[in-house]
Amino acid sequence: MARIVGSRKEFPGIAACGIDCCLCPMHHVWEGDGCPGCTAPASPGRTGRWCAIARCAVRERGYETCADCPELPCQRLQGIDESDSFVTHRKTLENLFAIRTAGMSSFLSQQDDRLAVLRQMLAGFDDGRSKSLFCLASALLPVQDLKDTVAMSRAQVNGAVVTDDRRSRALVLRTNLKEVAGSLGIDLRLRK
């Protein structure tokens, strides 16, 4: 069981509730007020965002995530995976049970793979309007499918599209991600 020292999370890329913070579009804002994640330490002019779940798990009980809590899933988490915010909540409980079952190291290894693919998508295909879809796909699609789709899209772009045309490059990847998601029965839209 991970215990927090001084109410600070050791792994801010995963929220106390199981949200993949590092795969959130607000986490990838390069200028301005990007989200530092829940329980982020205060910085000049900013405070951390402590929701009720983070306060309960991290501040009050000293857990890294709710996966450490013997009461998982508790009343606070009931219905959390039924709607989305900036990032999908569909994987929150799945993430928490994966952490509980395989451990934080195993979970973070897979999350690092997802984040690496997301960074490739943002660096090579983002047209300024595709970040949310890329983040959502990174959270929901199997890692190998993500890697294969990026590689296929890169090959298509190099073979058919002017490489300086960000809009065309983004369209190629968006189309391929939606096709893969559709074949897996995964909807790549946030639910409100």
Side-chain angles (χ1 to χ4, degrees), residues 1-2 9-29 34-40 49-58 63-122 130-150 173-174 176-192:
M1 178 184 316
K9 287 177 57 48
E10 183 178 352
F11 306 106
I14 182 75
C17 65
I19 290 175
D20 285 304
C21 290
C22 70
L23 302 178
C24 174
M26 293 302 291
H27 184 78
H28 295 278
V29 172
C35 178
C38 68
T39 72
R49 292 170 163 89
W50 287 86
C51 70
I53 295 170
R55 276 192 305 276
C56 174
V58 180
Y63 298 139
E64 181 68 28
T65 69
C66 295
D68 297 323
C69 183
E71 296 175 31
L72 176 70
C74 72
Q75 186 69 25
R76 281 191 174 90
L77 293 173
Q78 191 170 29
I80 191 171
D81 55 356
E82 294 173 8
S83 64
D84 299 322
S85 58
F86 295 111
V87 66
T88 185
H89 292 203
R90 281 178 259 182
K91 301 268 293 212
T92 55
L93 293 174
E94 183 180 327
N95 288 347
L96 291 172
F97 284 110
I99 292 167
R100 177 178 272 180
T101 302
M104 183 63 85
S105 295
S106 175
F107 178 81
L108 290 175
S109 176
Q110 185 179 67
Q111 191 183 48
D112 287 345
D113 288 346
R114 291 180 181 285
L115 182 57
V117 176
L118 174 58
R119 286 180 175 150
Q120 290 174 19
M121 288 191 271
L122 293 173
S130 301
K131 181 173 34 172
S132 291
L133 177 73
F134 296 166
C135 289
L136 188 58
S138 296
L140 296 177
L141 296 180
V143 174
Q144 191 58 53
D145 288 332
L146 287 168
K147 290 176 180 180
D148 293 345
T149 304
V150 170
L173 181 56
R174 283 195 320 265
N176 289 337
L177 287 170
K178 288 177 183 178
E179 185 175 305
V180 169
S183 73
L184 297 171
I186 297 172
D187 185 9
L188 290 182
R189 290 180 292 177
L190 290 173
R191 302 160 306 157
K192 297 295 177 184

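In this chain, numbering begins with 1 at the start of the sequence shown.
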Novice: Quick check on side chain to side chain contact (heavy atoms under 4.5 Å, CB included): which of Asp145, Leu136, Val180, Leu141 does Ile186 satisfy it with?
Specialist: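 By the side chain to side chain contact (heavy atoms under 4.5 Å, CB included) criterion, Ile186 pairs with just one of Asp145, Leu136, Val180, Leu141: Leu141.
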
Novice: Could you tell me if the side chain of Phe97 sits less than 4.5 Å from the side chain of Pro73, heavy atoms only?
Specialist: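 Of all side-chain heavy-atom pairs linking Phe97 with Pro73, at least one is under 4.5 Å.
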
Novice: Can you confirm whether Thr65 sits close enough to Met104 that some side-chain heavy atom of one is under 4.5 Å from a side-chain heavy atom of the other?
Specialist: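 Heavy-atom side-chain distance check passes, below 4.5 Å.
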
Novice: Is any side-chain heavy atom of Leu173 less than 4.5 Å from a side-chain heavy atom of Ser130?
Specialist: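 Counting from C-beta outward, Leu173 and Ser130 never come under 4.5 Å.
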
Novice: Measure from the side-chain N and O atoms of Thr92 to the backbone N and O of His89, and report whether any donor-acceptor pair falls under 3.5 Å.
Specialist: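 Side chain of Thr92 to backbone of His89, a donor-acceptor pair under 3.5 Å: yes, one is there.
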
Novice: To the nearest 0.5 Å, tell me how far Ile19 CD1 sits from Ile53 CD1.
Specialist: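 Taking CD1 in Ile19 and CD1 in Ile53, the distance rounds to 7.5 Å.
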
Novice: Any side-chain heavy atom of Leu23 within less than 4.5 Å of one from Lys91?
Specialist: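 Leu23 vs Lys91: side chains apart.
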
Novice: Is there a donor-acceptor pair under 3.5 Å between the side chain of Glu64 and the backbone N or O of Phe11?
Specialist: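 Here the side-chain-to-backbone pair exists.
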
Novice: With a 4.5 Å limit on heavy-atom distance, are the side chains of Leu177 and Leu146 in contact?
Specialist: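 The answer is yes, as the side chains (C-beta and beyond) meet within the 4.5 Å cut-off.
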
Novice: Is any side-chain heavy atom of Thr149 closer than 4.5 Å to a side-chain heavy atom of Glu179?
Specialist: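 Thr149 vs Glu179: side chains apart.
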
Novice: Looking at Gly13, is its backbone amide N or carbonyl O close enough to the side chain of Gln111 to form a donor-acceptor pair, meaning the two atoms are under 3.5 Å apart?
Specialist: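 Side chain of Gln111 to backbone of Gly13: a pair is present.
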
Novice: So does Gln144 have more than 12 non-hydrogen atoms from other groups sitting under 6.0 Å from CD?
Specialist: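 Yes, CD of Gln144 has more than 12 neighbouring heavy atoms, counting only those of other groups under 6.0 Å.
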
Novice: How many angstroms lie between atom CG of Asp20 and atom CD of Glu94, to the nearest 0.5 angstrom?
Specialist: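 Separation between the atoms: 9.5 Å.
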
Novice: Does a side-chain heavy-atom distance below 4.5 Å link Leu118 with Leu122?
Specialist: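 Of all side-chain heavy-atom pairs linking Leu122 with Leu118, at least one is under 4.5 Å.
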
Novice: Looking at Ser105, is its backbone amide N or carbonyl O close enough to the side chain of Ser109 to form a donor-acceptor pair, meaning the two atoms are under 3.5 Å apart?
Specialist: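 Pair absent, no side-chain N/O of Ser109 close to backbone of Ser105.
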
Novice: Would you compute the distance between atom CG of Leu108 and atom CG of Asp113 and round it to the nearest 0.5 angstrom?
Specialist: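 Between Leu108 CG and Asp113 CG, I get 11.0 Å after rounding to 0.5 Å.
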
